[in-house]
Asks: 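Take this structure first; my questions come after.
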Amino acid sequence: MLLDVQNLKASLGRRPVLHGVSFSVMPGEFIGLIGPNGAGKSTLLRALLGLIPAEGAVALGTLDATHASARERAFHMAYVAQEREIAWAVPVEMLVSLGRSPHRPGFSALTAADRAAIERAMRRMEVDGFRERAATELSGGEKARVLIARALAQETPLLLADEPTAGLDPSHQIALMRLFAELAASERSVVASLHDLGLAARWCTRLLLIDGGRIVADGPPAEVLTAQTLRAVYGVEAFFGETTGRLVVQPLDLVAATGVRR
Amino acid sequence: MSDTSRYGLVLGALAAFATILFLLSLTVGPAALGFSDSMAALFSDKAGAIELIMGEIRLPRALLGLMVGATLGLSGAALQGYLRNPLAEPGLIGVSASASLGAVIAIYSGLAAIFPLALPLSALAAAVLAVVVVQALAGLRGSTLTIILAGVAVSSFAGAMTSLALNLSPNPFAALEITFWMLGSLTDRSMTHVWLAMPFMLVGWLMLAALGRALDALTLGNETAASMGIDMRRVQWLAVFGTASAVGAATAVAGAIGFVGLVVPHMLRPLVGSRPSRLLPASALGGACMLLAADILVRIIAPERDLKLGVLTAIVGAPFFLWLVYRTRRKLA
C-alpha cells in the first residue's frame, strides 16, 4: 500500500472542510479526485502533504506521515500545485532539477543519478528541447509541462496533482492523462483532482467523489459516475455512452433546467 | 558547464572590483598620503601620524564600507528570494526603522553622549526587539504576506516614535544630530565599531547563506517548496533573524542606508541566470562594491561638506531604480 488515510479531518480557519476522510492507494492506481467546487479536493491534497494542520492518520508505505519531516515525505510523494507559479526567470533545466532537492544533502552538487533523473523527466514531458529558455517566458501549456517534469524528477512512488489539466488545450490534456496512466502502469500511483468528468471517466482507474468534505463514492469510473450521483452531487444531467470499451460522460444541463426533480 | 563557469567569472570580477575599491577607499581622504606610504603604514608598528590615520580612521571606514555593503546586498537578495518579491529590501521587515529608533533613543536620552557605544548597542537591541514582534505576529506558519504587513506596521510605529523624539527634542542640536545620524554615514567610525558589528554580521551572513537551496526551491512557491522537503519554519526563522542580526548591526554602526539592498540584487540577477542561491554571494560582493564606491564618491565630491552616504545612495539609487523599472516593466506586468 502506497498511501493509507484514516479519518482525516482538516479545517480552514474555523470552518471544518474535511469530516473524516478514509481511503488507501495501491501501486498502479490512477485516482481521479472529483467533486464540486469547495468540496474539499484541494484541502485533502494539502492535508496529505502536511501543508495545513490536519487530524487523523496518514501512512506513506511504512512511514507515519503525520510525524514525518517535510524531507521524509518528499521521498514518498511529489506535488504539482494548481497555481503555475514561477517567481524568477530561471532556465527550464534548473527548474526541473529542483525536483532533486530532497535527494541532495546539504550543499552537495548534482550527482550522475540526479542528472539522469532530470533528463528522463524532461524527455518524458518533451521539454528538453527548450531547456535553456527562461521558464517565465513559456506559454501556459509549456509551463504546466515543465512543472510536471519537475515533479517527475523527484522520482517518488506517489504523485499528487491539483487540477493539472486546467488551462490546457485538448491535445495537452489528453497527453497529460496518457502520461499519468503510463506512470500508473509502471507501478507509480497518481492522485489528481479533476473537474473534467469526461477525462476522469476515460483515463482514471478509480474515482473518489468528494462532496461536503466526505467521500460519497469510491470505485471504478463506471460505478462512481452514474446519472443518480451526478444529479445528487453536481445537480447536472449528463449523457452516458461507451466507445472503444471505455466510458464517455458529457454533462448536458442543470437538473432544474431540465425539469427533473432531484 | 558554461553556465557554472560564467557564474565563477561574475563572482571573480565582482571580488576583484571589491578589492580595488577597498584599496581605493584606504587611499582617499583629506590627508594627502601616497599609496605606497599608506599601505606600508597599515602594516607597520610605528605610531606616527600616517599610521594613526590609516589604522584608526581609514581602515575602519573601508572595513565598514565592505561589511555594511555586503550585508545590505546579501540580505536584499535573501529577502527578495524568500518573499518572492522584487521590491523587497532589508528595511521591509522593520529592521532599519527600529534600529534607527534605538539609535535615536540613545541620542535623545543623552546616553550616547555619556557612553559612545550606547548608540550602536541600543540600535541593535531595538532591531532584535522589532523582529521578535514581527515573528510573533506572523506566527510559525506565517505567510510571507503576514511578514510584510507586520514589518510595515513595525516600521511605521518606529518611524512615528522617531518623529516624536524629533518633535519633542529639547534642543535643536539633539534634533540635528538625530537627523544627521539617520542619513547614514561611515565618517568617524573607529575599530570599536568594526569589532562591535562584526560578530552580529557574521552570524547574520551565515544564517542567510544557509538559505541558498531553500530559496531556489521557493521559486515555485511556498507549497511546492514544502512538498520538496523544505522546512518552511526553519527558512522563515533564518530569513527573519539573519536579516535582523546583519542589518541591525549595519544600521547600528552606519545609520540607515537605502537602495543598496534593493538595487544591487536587481542589477546582478540577470548575470547569475536569476538563480536565487547564486544571487546571494554575487549580491553580497556587489553590495560591498556599491557602498565602497559611494563612500569614496562622498569624499571626492564634497570633501569639506560631509556629504552623507545615505543621501548619495538614494540620489543615485532612486533614478537608477526608476530606469530598472522602466526597462523591466513588461516582465513585471
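Chain naming here is simple, since letters A, B, ... match the order of the sequence lines and numbering starts at 1 in each. Because only heavy atoms are used, hydrogens play no part in the values below, and waters and symmetry mates are left out as well, while side chains stay in.
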Asks: If I take atom CE from residue A/Met94 and atom OG1 from residue B/Thr219, how far apart are they, to the nearest 0.5 angstrom?
Replies: 5.0 Å
Asks: Counting only pairs under 3.5 Å, give me each side-chain donor-acceptor contact of residues 45-56 of chain A, with atom names and distances, residues two or more places apart or in other chains.
Replies:
unit_1: A/Arg46; atom_1: NE; unit_2: B/Glu223; atom_2: OE1; d: 3.3
unit_1: A/Arg46; atom_1: NE; unit_2: B/Glu223; atom_2: OE2; d: 2.8
unit_1: A/Arg46; atom_1: NH2; unit_2: B/Glu223; atom_2: OE2; d: 2.7

Asks: Could you tell me which portion of B/Pro270 (side chain, backbone, both or neither) has an atom closer than 4.5 angstrom to a non-hydrogen atom of chain A?
Replies: neither
Asks: Given A/Leu98, which partner from the list B/Asp216, B/Leu218, B/Ile230 fulfils the side chain to side chain contact (heavy atoms under 4.5 Å, CB included) test?
Replies: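 The side chain to side chain contact (heavy atoms under 4.5 Å, CB included) with A/Leu98 is passed solely by B/Asp216 among B/Asp216, B/Leu218, B/Ile230.
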Asks: Assess whether atom CZ of B/Phe17 is packed by more than 12 heavy atoms of other residues, nucleotides or ligands within 6.0 Å.
Replies: no
Asks: Side chain, backbone, both or neither: which part of A/Ala89 has a heavy atom under 4.5 Å from chain B?
Replies: both
Asks: Is it true that, when you exclude A/Tyr79 itself, more than 12 heavy atoms of the residues, nucleotides or ligands shown sit nearer than 6.0 Å to its OH?
Replies: yes
Asks: Supply the atom-to-atom distance B/Asp231 CG to A/Ser69 OG, rounded to the nearest 0.5 angstrom.
Replies: 8.0 Å
Asks: Has A/Glu83 got a side-chain atom pairing as donor or acceptor with B/Gly221's backbone, closer than 3.5 angstrom?
Replies: no
Asks: Tell me if the CD atom of A/Glu126 is crowded by more than 12 foreign heavy atoms within 6.0 Å.
Replies: no
Asks: Please state whether the side chain, the backbone, both or neither of A/Leu147 comes within less than 4.5 Å of a heavy atom of chain B.
Replies: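 Side chain only.
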Asks: Roughly how far apart are B/Arg84 CZ and A/Trp88 CH2, rounded to 0.5 Å?
Replies: 9.5 Å
Asks: Given a strict heavy-atom distance threshold of 4.5 Å, which part of A/Arg84 is in contact with chain B: side chain, backbone, both, or neither?
Replies: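 Answer is neither: A/Arg84 stays 4.5 Å or more from chain B.
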Asks: Check step by step if side chain to side chain contact (heavy atoms under 4.5 Å, CB included) holds for A/Arg150 and B/Thr224.
Replies: CA-CA 10 Å; A/Arg150 198 287 304 156; B/Thr224 307; 3.4 Å; yes
Asks: Counting neighbours of CZ on B/Phe157 that are heavy atoms of other residues, nucleotides or ligands and sit closer than 6.0 Å, is the number greater than 12?
Replies: no
Asks: Grab the two heavy atoms, one from B/Gly229 and one from A/Ala74, that are nearest each other, plus how far apart they are.
Replies: N-CB, 3.5 Å
Asks: Minimum heavy-atom separation for B/Met228 and A/Ser101, please, with both atom names.
Replies: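 Heavy-atom minimum between the residues: O-CB, 4.1 Å.
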Asks: In terms of heavy-atom pairs under 4.5 Å with chain A, which of B/Gly273, B/Ser227, B/Ser277 leads?
Replies: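 Ranked by heavy-atom pairs under 4.5 Å with chain A, first place is B/Ser227.
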Asks: Which atoms of A/Glu85 come close to chain B, meaning under 4.5 Å heavy atom to heavy atom: side chain ones, backbone ones, both, or neither?
Replies: both
Asks: Can you give each donor-acceptor pair under 3.5 Å made by side-chain atoms of residues 72-79 of chain B, sequence neighbours left out, with the distance rounded to 0.1 Å?
Replies:
unit_1: B/Ser75; atom_1: OG; unit_2: B/Thr71; atom_2: O; d: 2.7
unit_1: B/Ser75; atom_1: OG; unit_2: B/Leu72; atom_2: O; d: 3.4

